[in-house]
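Lettering follows sequence order; numbering is per chain, from 1. Worth knowing before you read on, the calculation uses all heavy atoms, side chains too, and leaves out hydrogens, waters and symmetry mates.
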Protein chains: 2
Amino acid sequence: MRASGDLSYPPAAVTVDLVILTIRDDDLAVLLVRRSIPPFPGKLALPGGFVGPDESLAEAAARELTEETGLIANLEPDADDGTPGSQVHLEQLASYGDPGRDSRLRVVTVAYLALAPGLPVPHAGSDAADASWQSATALLAGPPDELAFDHNKILADGIERARSKLEYTPLATAFCPPEFTVGQLRRVYEIVWGTSLDPRNFHRKVTGTPGFLIEVGDSTVGDRGRPARLYRTGDATQLHPPLLRTTSDPAEAEGG
Amino acid sequence: MRASGDLSYPPAAVTVDLVILTIRDDDLAVLLVRRSIPPFPGKLALPGGFVGPDESLAEAAARELTEETGLIANLEPDADDGTPGSQVHLEQLASYGDPGRDSRLRVVTVAYLALAPGLPVPHAGSDAADASWQSATALLAGPPDELAFDHNKILADGIERARSKLEYTPLATAFCPPEFTVGQLRRVYEIVWGTSLDPRNFHRKVTGTPGFLIEVGDSTVGDRGRPARLYRTGDATQLHPPLLRTTSDPAEAEGG
DNA sequence: CCAAAAGTGTTCATTTTACACCCATGT
DNA sequence: ACATGGGTGTAAAATGAACACTTTTGG
């Protein structure tokens, strides 16, 4: 049923919505904005907005990310110039376009997933009037209509994507600062997966996978215990074989 | 930058495009249509069309699939009523919306991936004036602008999705008839991955994974060799641990 | 009989898992 | 000294890869 000649088509608006995840206070957190206008006034929602006429979808998502957090996204995982925001990961998640998901007009939204290191910024953007970090795990467990539109579903899909990608990609490092210890990386896995992992075997696994971690030589001034080596993310884009989330008691890594 | 009050938004059209894959003549094939109107007149393209005002994205994709192939898609993998088309798999792939990808107007397309068993129908739909099966692997290896729009990229993404999902889901059965042998299933893996797999170890792996295959008791009348047991797809949605595509000579499974 | 495909058994290498044990620091 | 987290060694268990071998058909 491609248009045959004329250019009439059902009118629609295209937006991008962002699932921006980070680790805060030993919990997985998502950046949400409080809506001030209908529909769903007063409700929390994922940050997002219309795709501009001359923007690609990814550019629109990166622009929204910068507006909300001040971070610069890493659309292609190659550049490593050491700038603070350069390791922020941004990838397309999925599109959502059920008729009636926005009462005003037909809106198709392309959701993007962003993973950022722990940020002390509650909201830094110019436009984000009322942005805040919320517990993503609490929202997952709560009522399915706690967020505006179908954003509970989008958030659930984003968390599931993040959880599964930790298994077979080095994506967990996106939650870490540019230089990090194996222990910090392990805590990311434990928090995102809600499991606890054996520190010894985890250490051997990640340091033994070629290209996953690059030792930076130095050591941290430890909070407690022996100082740990620092690493940067390596060149590897896949983990073969993957890390499996099948260890220990699922409840042990909850909260903090 | 959510709209604040007024409802003005950059105008755009939303379409669905389908990557319909099947196995034909020991090769991975994709259903393409020949365009008759600009842009890209005469070029091959993925089948697709506008999303109707009251359709969800998945419904639009399912409608296009039926129009092009006569098949009924399986949006949620639960119903198993035995109808011929019920095992066709349809899932959202990704969205593509670079400005200028369609010279006429801003078009954002939501691509869907469909996997169907070997079909004797070159084209069966009412609207598909000029649909045909083409070698997907040949298109992957060919020039990157052989198809209209950005459809080479969409096709490549669809093939990559299919290849990786064979590893950790029972999706390969979507390429098989309702009842199939282990050998048929193995040939699917070999063709899609372009590798050759050890028949003995493959057999043990798939029959040993709980919920993957259900023995249907009977045996085929064999072409050659010992008759094989017949199986249906089981309830399992994930394969733990996954099948890995790291066996034997990559060239051996080519062509036929 | 022979070729071909199905299916089982077995062996060896690798990986995972569990856990004992030492290292280096703060208090 | 002791608690805490970092890191190595190692043995048992599970898994994967390679392949010998039997079964059952068609020609």
Side-chain angles (χ1 to χ4, degrees), chain A residues 26 167-168 176 179-191 193 195-210 212-213 215-231 238-250 252-253 256, chain B residues 26 166-168 176 179-191 193 195-210 212-231 238-250 252-253 256:
Chain A
D26 288 329
E167 290 186 355
Y168 59 94
C176 295
E179 299 186 349
F180 52 88
T181 68
V182 173
Q184 290 176 313
L185 185 65
R186 177 169 48 82
R187 251 157 258 137
V188 168
Y189 277 90
E190 291 179 335
I191 290 166
W193 284 348
T195 60
S196 81
L197 300 168
D198 185 292
R200 285 93 39 116
N201 293 335
F202 181 86
H203 185 278
R204 216 190 329 260
K205 177 84 176 185
V206 296
T207 55
T209 301
F212 190 1
L213 298 181
E215 190 172 344
V216 125
D218 237 325
S219 298
T220 34
V221 28
D223 312 70
R224 273 173 309 186
R226 170 176 167 179
R229 299 184 198 135
L230 285 173
Y231 295 89
Q238 298 281 314
L239 260 53
H240 257 326
L243 272 156
L244 296 181
R245 50 191 208 234
T246 49
T247 322
S248 303
D249 176 35
E252 195 169 325
Chain B
D26 287 328
L166 291 208
E167 290 186 354
Y168 58 94
C176 295
E179 297 186 349
F180 53 88
T181 68
V182 174
Q184 290 176 314
L185 185 66
R186 178 170 48 82
R187 252 158 256 135
V188 168
Y189 276 91
E190 290 179 335
I191 291 166
W193 284 349
T195 62
S196 81
L197 300 169
D198 185 291
R200 288 85 48 111
N201 292 337
F202 181 86
H203 186 280
R204 215 189 333 257
K205 178 86 174 184
V206 296
T207 56
T209 301
F212 190 1
L213 298 181
I214 297 171
E215 190 172 344
V216 124
D218 236 324
S219 298
T220 33
V221 29
D223 313 71
R224 274 172 309 185
R226 170 176 168 179
R229 300 184 197 133
L230 285 173
Y231 295 88
Q238 298 281 312
L239 258 55
H240 258 324
L243 272 155
L244 295 182
R245 48 191 208 232
T246 48
T247 322
S248 301
D249 176 35
E252 193 168 325

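- Residues A:Glu167 and A:Leu239 are not in side-chain contact: their nearest non-hydrogen atoms beyond the backbone lie 4.5 Å or more apart.
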Decide yes or no on ring-ring contact (aromatic ring centres under 6.0 Å, His included) for B:Phe202 and B:Tyr189, but give the supporting numbers first.
CA-CA 10 Å; B:Phe202 181 86; B:Tyr189 276 91; 5.3 Å; yes
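- Comparing C:dA20, C:dA24, D:dC19 by their nearest atom to the side chain of A:Pro227 picks out C:dA24.
- For C:dA6, one of the phosphate oxygens OP1 or OP2 lies less than 4.0 angstrom from a side-chain nitrogen or oxygen of B:Arg186.
- Not a single donor-acceptor pair, N or O on each side, falls under 3.5 Å between the base of D:dT25 and the side chain of B:Arg224.
- At a threshold of 4.0 angstrom between heavy atoms, the contacts of B:Arg229 are confined to the sugar-phosphate backbone, with no base atom among them.
- Distances shown here put every side-chain N or O of A:His203 at or beyond 4.0 Å from the OP1 or OP2 atom of D:dG6.
- Applying the 4.0 Å criterion to OP1 and OP2 of C:dA18, one finds that A:Arg204 has every side-chain N and O outside that range.
- Counting to the nearest Å, the P atom of D:dT8 and the NZ atom of A:Lys205 are 17 Å from each other.
- The side-chain heavy atoms of B:His240 and B:Pro210, taken from C-beta on, include no pair separated by under 4.5 Å.
- The distance from atom CG of A:Leu185 to atom C1' of D:dG5 is 16 Å, rounded to the nearest whole Å.
- The nearest whole Å value for the distance from the CZ atom in B:Arg200 to the P atom in D:dT22 is 14 Å.
- Not one N or O on the side chain of B:Thr209 forms a donor-acceptor pair closer than 3.5 Å with the backbone of B:Phe212.
- If you measure from atom CG of A:Asp198 to atom P of D:dG9, you get 16 Å, rounded to the nearest angstrom.
- As rounded to whole Å, 14 Å separates atom P of D:dG6 from atom CG of A:Leu213.
- The nearest heavy atom of DNA chain C to B:Arg187 and to B:Asn201 marks one nucleotide each, and the one closer to the 5' end goes with B:Arg187.
- Between B:Gln184 atom CD and C:dA5 atom P there is a gap of 13 Å when expressed in whole angstrom units.
- Listed nucleotides C:dT16, D:dT24, C:dT8 differ in distance to B:Arg226; the shortest reach to its side chain belongs to D:dT24.
- Taking atom CG of residue A:Leu197 and atom P of nucleotide C:dC19, one finds them 15 Å apart after rounding to whole Å.
- Here A:Pro199 lies out of heavy-atom contact (under 4.0 Å) with every strand.
- At distances below 3.5 Å, not a single donor-acceptor pair connects side-chain atoms of A:Glu215 with backbone N or O atoms of A:Leu230.
- Atom CG in A:Leu244 sits roughly 7 Å away from atom P in C:dT17 (whole-Å rounding).
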